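Below: the structure, in structure tokens.
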2 protein chains.
Amino acid sequence: MINAERAMDALGDPTRRLVFKRLRNRTRSVGEIAEGMDVSRPAVSQHLKVLKAAGLVVVRAEGARRLYGVDTRGIEALRGWLDGFWEEALVAFKQAAEREATKGRKPR
Amino acid sequence: MINAERAMDALGDPTRRLVFKRLRNRTRSVGEIAEGMDVSRPAVSQHLKVLKAAGLVVVRAEGARRLYGVDTRGIEALRGWLDGFWEEALVAFKQAAEREATKGRKPR
DNA sequence: GCCATTGGTTAGTCTTGACTTACGGTTAGA
DNA sequence: TCTAACCGTAAGTCAAGACTAACCAATGGC
């Protein structure tokens, strides 16, 4: 199972988010990703390493090139984390509202 | 509108995530949040400032205490960002599959 | 076989930001 | 009013990590 916390750490950096977003539409080679960005190609390579370790990105070798694309498992992990958080917060809200509504009543 | 990128930056730090998660169940005071954590109360205060600026947290003054709770807008912004990303990736997958299916056919 | 392309890794620099200590302001209680 | 509790801010320290330049390995075309 892929770690959502790890994914959040990875996406906590603007440059890394930009790299990630560049793979949204299609797979790209490293050089292709770096092109047009204001950081060097090795920097992009390092970011990809982190994104890969976080389960946000997958690689496929094609000759001398490496084609990177989004890993859906990372996105799903994030969504799960978010949904779980949302769920618990909702339950807490309801309970708080319940306590508010019964406030002042004679217990039982 | 609340910025999803800002929220991602904020949640990119483990300690800050821990602070955020402590508000999942109910609102808490600053001292209450810091209690049991391995960082000082001012550190927590600074994290709360960042979380608040990111739209992930709201404050309510109650006497000398400040009660912090989750801001649903921040979560919604994150969810929107994630869903948008997911959507675009899905479209790209379909288009890629389509191109794959028609590969080799005589054009028109 | 040779050279160009592609990209991962290493070493080293430097900025960002997480943290603590100290301080000041505000509120509640005696 | 005096004191204690609560909390935000400022100043300063320090480590994490983002980045570049240089190097090396692998692949493909000629």
Side-chain angles (χ1 to χ4, degrees), chain A residues 3-71 74, chain B residues 3-23 25-71 74 78:
Chain A
N3 196 353
E5 304 261 341
R6 196 107 171 252
M8 305 226 51
D9 277 336
L11 293 181
D13 178 75
T15 307
R16 206 142 50 214
R17 271 201 305 277
L18 186 53
V19 168
F20 188 51
K21 283 195 283 186
R22 286 204 136 207
L23 304 177
R24 193 178 29 183
N25 294 319
R26 56 187 179 86
T27 64
R28 290 178 195 268
S29 68
V30 179
E32 204 174 353
I33 297 169
E35 191 178 358
M37 289 187 58
D38 54 356
V39 292
S40 67
R41 183 193 54 73
V44 170
S45 200
Q46 286 164 8
H47 283 308
L48 285 168
K49 187 178 183 180
V50 175
L51 288 170
K52 184 165 180 296
L56 286 164
V57 142
V58 286
V59 213
R60 170 168 53 98
E62 193 170 62
R65 311 199 314 158
R66 306 292 172 93
L67 294 182
Y68 283 86
V70 309
D71 188 343
Chain B
N3 196 353
E5 303 262 340
R6 197 106 170 253
M8 306 226 52
D9 277 336
L11 292 180
D13 178 74
T15 307
R16 207 142 48 214
R17 271 201 304 277
L18 186 53
V19 169
F20 188 52
K21 283 195 282 186
R22 287 203 134 206
L23 304 176
N25 292 321
R26 56 186 177 86
T27 64
R28 290 179 195 268
S29 68
V30 179
E32 205 174 352
I33 298 169
E35 191 178 358
M37 290 188 56
D38 55 355
V39 292
S40 68
R41 184 195 52 73
V44 171
S45 200
Q46 287 164 8
H47 283 307
L48 286 168
K49 186 178 182 179
V50 175
L51 289 170
K52 185 167 180 294
L56 287 164
V57 142
V58 286
V59 213
R60 170 168 53 98
E62 193 171 64
R65 310 201 313 160
R66 305 292 173 92
L67 294 183
Y68 282 86
V70 310
D71 189 343
L78 278 177

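Computed from a predicted model, the values in this text were never measured in an experiment. Letters A, B, ... mirror the listed sequences (proteins, then strands); counts begin at 1.
Across the protein-nucleic acid pair, A:R66 atom CZ and C:dT5 atom C1' stand 13 Å apart, rounded to whole Å. Rounding to whole angstrom units, CD of residue B:E62 and C1' of D:dC7 are separated by 15 Å. Between A:R65 atom CZ and D:dA25 atom C1' the separation is 18 Å, expressed in whole Å. Between the NZ atom of A:K52 and the C1' atom of C:dT9 there is a distance of 15 Å, rounded to whole Å. For the pair A:H47 NE2 and D:dA18 C1', the interatomic distance rounds to 6 Å; values are reported in whole Å. Protein atom CG of B:L18 is 14 Å distant from nucleotide atom C1' of C:dA18, rounded to whole Å. The CG atom of A:L67 sits 11 Å away from the P atom of C:dG8 (whole-angstrom rounding). At whole-Å resolution of the value, CZ in A:R60 and P in C:dT6 are 17 Å apart.
A donor-acceptor contact under 3.5 Å is formed by the side chain of A:R41 with the base of C:dG7. If you check distances only, the side chain of B:Q46 does reach the base of C:dT20 with a donor-acceptor pair under 3.5 Å.
Ranked by how close their nearest DNA chain D nucleotide is to the 5' end, A:G63 and B:V30 are led by B:V30.
In this structure, the separation between CZ on A:R65 and OG1 on A:T27 is 8.5 Å, given to the nearest 0.5 Å. In this structure, the separation between CD1 on A:I33 and NE2 on A:H47 is 11.5 Å, given to the nearest 0.5 Å.
Of the listed nucleotides (D:dC19, D:dC7, D:dT9), D:dT9 has the atom at the smallest distance from the side chain of B:K49. Listed nucleotides: C:dC19, D:dA22, D:dG8. Nearest to the side chain of B:T15: C:dC19. Distance from the side chain of B:P42 is smallest for C:dA22 among the nucleotides C:dT27, C:dA22, C:dG7. For B:Y68, taking side-chain heavy atoms from C-beta onward, the closest of the listed nucleotides D:dG8, C:dG7, D:dC6 is D:dG8. Listed nucleotides: D:dA18, D:dC6, C:dG7. Nearest to the side chain of A:D13: D:dA18. The side chain of A:V39 approaches D:dT20 more closely than any other nucleotide in the set D:dT20, C:dA18, C:dT9. Nearest to the side chain of A:S40, among D:dT20, C:dT20, C:dC19, sits D:dT20.
Each of B:R66, B:R22, B:R26, B:R41 was compared with B:E32 under the salt bridge (charged side-chain N to carboxylate O under 4.0 Å, His left out) criterion, and only B:R26 meets it.
Under a 3.5 Å cut-off, the side chain of A:R17 and the backbone N or O of A:L11 do form a donor-acceptor pair.
For B:S45, a side-chain nitrogen or oxygen approaches OP1 or OP2 of D:dG8 to under 4.0 Å.
Around atom CD of B:E5, more than 12 heavy atoms belonging to other residues, nucleotides or ligands sit under 6.0 Å away.
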